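Everything quoted here is computed from the prediction, not taken from an experiment. In what follows, every chain begins at residue 1, and chains take the letters A, B, ... in the order their sequences are listed.
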Amino acid sequence: MAGYEPKAIERKWQQVWADEETWEVANPGQPGFDERKPKAYVLEMLPYPSGEPHVGHLKCYAVGDAIAHFRRRQGFQVIHPMGYDSFGLPAENNAIKTGEPPRVATERSIASFQRQFREWGISIDWSRELATHTPEYYRWTQWIFLQLFEKGLAYRTEAPVQWCPKDATVLANEQVVDGRCERCGTEVEQKNLEQWFFRITDYADRLLEDFDLLESWPEHVITMQRNWIGRSEGAEVVFHCEEVDLDFPVFTTRPDTLFGATFFVLAPEHPELMRLVAGTPAEEEVREYVNRVGRESAEERGAEDREKTGVPLGRSVVNPVNGEEIPMFVADYVLMEYGTGAIMAVPGHDSRDYEFAQKFGLPIKRVIEGSDPEEARDGEGLPYSGDGPMTGSGRFDGKHNREAYEEIVAWLEADGRGRPAVNYRLRDWLVSRQRYWGAPIPVVYCEGCGIVPVPAEQLPVELPEIEDYAPQGKSPLAAAEDWVATECPRCGAAARRETDTMDTFVDSSWYFLRYLDARNAEAPWDRTASDYWMPVDQYIGGVEHAILHLMYARFFTKALADLDVLGVQEPFANLFTQGMITRDGAKMSKSKGNTVSPGDYVERYGADTARTYVCFMGPPERGGDWTDEGVEGVNRFLSRLWRLCEEAETRTEAGEPDAAAGGQARELLAKAHWAIEKATRDFQRGFQFNTAISAVMELVNDAYRLKNELYGTPEGGAAVRFATATAASLIFPFAPHLGSEVYERLAGGRVWEQPWPEADPALLVSDTVTLVVQVNGKLRDRIEAPAEAPEEELLRLARESEKVARHLDGQQIVKEIVVPGKLVNLVVR
RNA sequence: GCCGGAGUGGCGGAACUGGCAUACGCGAUCGACUCAAAAUCGAUUGCCCUUGCGGGCUUGUGGGUUCGAAUCCCACCUCCGGCACCA
C-alpha cells in the first residue's frame, strides 16, 4: 500500500481546477450566472508583492479559503478574487540600491505569488486578477482622484512634512523610524511644502456613526478607529486681548472649569504670536524659543517625560466668564494642529496645565470640589479631573459641574463669547509622495489656468520609464522632462505635469470594487456588478491595518456612494483579523534568522499539511508559535486519513451506510454525525477552525479504533467508509486536495460540488447518558443511565451507587439537585 | 496615563446557556513489529499522598454569590497590543 504522497495528489487536483476554471463566477447578466444562489464576497487583503510569500500570507489565504469553500458548499455563489498591491517603497528602494527597475522586481515577485497561490490550492477566480501598478488599474485610481477633486474632496495646500536633509527628499511617515530617516539614519526635519490632501475629516462623523451598519467587526478595531478619529465635544470660547485688540478663540472640553483659568497659552506656530510681542521686551526671547522648538523633531517634542517649557509674552487676555486678566505664554505643549492652537489653562483641573503652573509659579485655583471636603479646604488633591459641585465660580457655585456645563455654554453663546463645538484628532489624508513608483497624480499646472485636472478621456497618465530612481529633493519623475512638459488641457498653452505620485494606500482603498468588473475598459466597474456583489461579506487580514487601510477604504466607499457610483455606505460587513505567527516566541525577521518559508514546508509535507497546520495552531485571531513538531503532527493526521482511505477502498463496499445499524457500526456513524455537527457549528460561530479540525481528528481516531472489528460485517464496513468519506468532506476546506481525493475514492464525485453535510439528529442522541453523581458538589461516581429516565429513577440510581454510599454514610441528605440527562448532586450534612 | 485583549498540564490549546476541568495536537514513558533504526500500531501521561483500593489539591492572586464557578460579581497582580502633552 502506498503511503501518503501529497505531491501527486495536489498536482492532480490543481490541474483540474485550472483546466475547468472551477472557481470562476459570472456577474449578473453574464452567461453562467446563477440567480438562484445567494452571493457571498469572501476577500483577503491583497498582498504587497515583495520577494516570496511568507507564513503570514499562508495563514491569511488558508483562513479565507476555508471560509470560501464552506460558503460555496452551503449554496452560496462565492466571489473570491486575488490581486497585488504592487506600487510602493520597497521596490523603489531596491531600485535605488541595485538599479533594477521597480517594475521588473515587482513583476518577478508577482509571478512567485501566483505560482505559490496555485501550489497552495487557494480557490481563486483568476479571471478577476489585478495588479495596482498596471495602467489598466491605475487609470481608474486616477479617475477616482479626479472625481474627488471635482467634489472638492481632493485639494492642494501647504503643509508640514517629514524631510530628510541628507537624501534631500520628503519621506513617507512609514519611512520615519524614531524620528530618523529609515535609510540613512539622519534626523528628519519638518518642512512646509505644497501637498495634496483628501478631505477625510469631512467624513469623521459618518465614519463614527456607521460603525452601526457593520455586522461583525472585532471590537478592538472599532475602538482603535474611534480613538484615531478622536471626536471631542466641547465649546469654543473667545478670550480677548485688549492690548492688541485681538480675539483668541480656544477649544475646551471643560467649559465648566472656565472660572479656574489662570493663564493662557499659544502654540509656538500660532500665526498671531509674533505680532503680539513685536517691539516688546519679550520679542527676542519668544523668537529664540520658537526657533528652538522648530528645530526639534516631533519625536522629541512629544516625549513622555519631557519637562514643560515656555516663555511669558508680557500680554494678557480677559477671561470672558469673570473679566479676569490672565497672562499669556507660548509653550510647545500646545499643538497648532489641534483645536485653535491656543488654550485656556486650568491648572487646578488639568495635569499638564498644573505642571506648567508649578514650574512658572502661577496660581492654581480649585473650581470643582472633590469627594473629600477636607481636600477642598486645604487645596489638596489637585489637579482634580473628576466631577463634583462647583466652587469659586460665581453664580454657578454649588451646582454640579455636569449640570452647569451646558448652561455655561448657553450663557456665553447668548453674549457671542462662545458656542458649542466639536473637534477631531483625525487630520486630512496627505496623499502626495515625491516618489517614482506610484500612480501619477493626474493634474497639470498652467501659467494661466492654474491647477487643471487631466480630462478623464486622457487617462491614464502613464508613469514614464526613467533612468535614475534616486530622489533629488523632488520626485524622480521631475527628471523625465519630456513627460513633464505638456500642454494645458484647457487653454493649450505650455504646462507642466504634477510630478508627485499617490500614496499606495489610495490604490488599496478601492481594489475590492475593481475585482467586481476587472476587465472593464469603459468604467472602473459596472454599477450592476457592484450592486450585486457589495458589500464584502467577509474580509480577512492582519490587524496591522486596523486603522489606516480600513479607514481609508471606508472613507472611499462613502465618497464613492456620494458620487453615486456605488450603492453601499460600508465596504466590509464582517471583518476578521488574524493573529501573527511567531517563531521561538519572536516575530519573524530576516535579521533574527527565524523566518519560515511556506514553500519549504509545502515542498516537504504538501500544501494540505501547511494549510491545515496554520488553521490548527490555535484560534486564528490569536497569534501562534510555529513549530516543526506541530507541522509533523498535522501531517501524521492527514497520513492517517489517507491510509484509512486506502484500506477502506479495498476492504469495504461502496454504498450508503445503514442508519439502523447497531453496536460499533452505530457508534462510528454517531461519531461521524457528531463531527459534522461540531465542525458546522465551529464554522458558523466564526473561525473556530482549530476545534473543527480536532473534531475530524477525533473521528479518524475512532475509525482507527473500531475499523478492524467493523470490516467483519457489511454494515460495519459501510460505517468505516462513511466515516472516512465524512472526514474527507469536513477537512476539505483546509486540505482541499486530500479531501477531494479521498472523497472521490470512497463516495464518488467531487466533494466541492456536494452540499455541506448535515448531521442526522437521530444519530446525535443516544439511548444512555453518563450520569454524573456528586456529593456536596464533589464528583463521586459516573453511572450509565437511560437517557429518558425520570428524576426519581436518577436519584435512585445515584443513591444505589456504592461509591456514593460511602460518602453518604452517617450523614443526612438535606437537598437533592437533579439535572436530567446530566447530573445528580446530593447535599449532605 | 488612556483604550483594548489575555492569564487553564512540561508546551500550543479545549470546555455550548453556571453542571464530568485539561478535548485535539505536541512532548515524554512503556510495549508490539524489526537483526536494528525510522515509520507505523497500541497503552500511559495535571500535581501531591498511597504497594493497592482510594484520598486530597488544581484554571494568575484574594474575597463573594451558588447545591455547584475556568465561566457570574468585587478587589488586586502579571503579560501582550494600540494611542499618547489631542486641551
- Glu802(A), CD: over 12 other non-hydrogen atoms inside 6.0 angstrom: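 Open: at most 12 neighbouring heavy atoms sit under 6.0 Å from CD of Glu802(A).
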All N/O pairs under 3.5 Å across the protein-nucleotides 42-44 of chain B interface:
none

Separation of the [atom1] atoms in [N] and [M], to the nearest angstrom:
| N | M | atom1 | result |
| --- | --- | --- | --- |
| G42(B) | C33(B) | C1' | 11 Å |
| A6(B) | A70(B) | C1' | 13 Å |
| C57(B) | C41(B) | P | 39 Å |
| C83(B) | U22(B) | P | 41 Å |
| A21(B) | G68(B) | P | 15 Å |
| C74(B) | C3(B) | P | 16 Å |
| G52(B) | U61(B) | C1' | 37 Å |
| G7(B) | G19(B) | C1' | 24 Å |

Applying the Watson-Crick and G-U wobble criteria at under 3.5 Å, what pairs with [N]? Answer none if nothing qualifies.
| N | value |
| --- | --- |
| A84(B) | none |
| C53(B) | none |
| U34(B) | none |
| A43(B) | U29(B) |
| C24(B) | G12(B) |
| C72(B) | G64(B) |
| U17(B) | none |
| C79(B) | G5(B) |

- Which of the following nucleotides, G82(B), C41(B), C26(B), is nearest to the side chain of Ile547(A)?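 The answer is G82(B).
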Base, sugar-phosphate, or nothing for [X], non-hydrogen atoms under 4.0 angstrom?
| X | answer |
| --- | --- |
| His807(A) | sugar-phosphate |
| Arg780(A) | sugar-phosphate |
| Arg226(A) | nothing |
| Gly633(A) | sugar-phosphate |
| Val334(A) | base |
| Lys308(A) | base |
| Ser639(A) | nothing |

Just by distance, do the side chain of [X] and the backbone of [Y] share a donor-acceptor pair under 3.5 Å?
| X | Y | answer |
| --- | --- | --- |
| Asn690(A) | Cys615(A) | no |
| Thr612(A) | Thr609(A) | no |
| Tyr605(A) | Val634(A) | no |

For [Y], is there an ion pair with [X] - N to carboxylate O distance below 4.0 angstrom?
| X | Y | value |
| --- | --- | --- |
| Glu793(A) | Arg796(A) | yes |
| Asp628(A) | Arg583(A) | yes |
| Arg254(A) | Asp350(A) | no |
| Glu677(A) | Arg681(A) | yes |

- Item | Base-contact (B) and sugar-phosphate-only (S) positions in nucleotides 11-19 of chain B, heavy-atom cut-off under 4.0 Å, - elsewhere | -SSS-B--B
- Note on the structure: On RNA chain B, more 5' by nearest nucleotide between His220(A) and Met336(A) is His220(A)
- Return the 5'-most residue of the pair Asp332(A), Met224(A) with respect to RNA chain B, ranking by each residue's nearest nucleotide.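 Here Met224(A) is the residue nearer the 5' end.
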- Ring-face cation of Lys308(A) near Phe356(A) (centre distance under 6.0 Å, axis angle within 45°): no
- Query: Does Lys707(A) make a cation-pi contact with Tyr711(A) (under 6.0 Å, within 45 degrees of the axis)?
  - Reply: no
Take the protein atom [atom1] of [X] and the nucleotide atom [atom2] of [N], then report the distance between them rounded to whole Å.
| X | N | atom1 | atom2 | answer |
| --- | --- | --- | --- | --- |
| Tyr354(A) | A87(B) | OH | P | 21 Å |
| Lys778(A) | C57(B) | NZ | C1' | 9 Å |
| Glu629(A) | G27(B) | CD | C1' | 8 Å |
| Leu699(A) | C24(B) | CG | C1' | 13 Å |
| Glu219(A) | A6(B) | CD | P | 12 Å |

- What distance do Asp387(A) atom CG and His349(A) atom NE2 have between them, rounded to the nearest 0.5 Å? 11.0 Å
- Is G9(B) in the syn or the anti form, by the rule that syn lies within 90° of 0? syn
- Message: With a 6.0 Å cut-off on the ring centroids, do Phe734(A) and Phe687(A) count as close?
- Response: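 No, too far apart.
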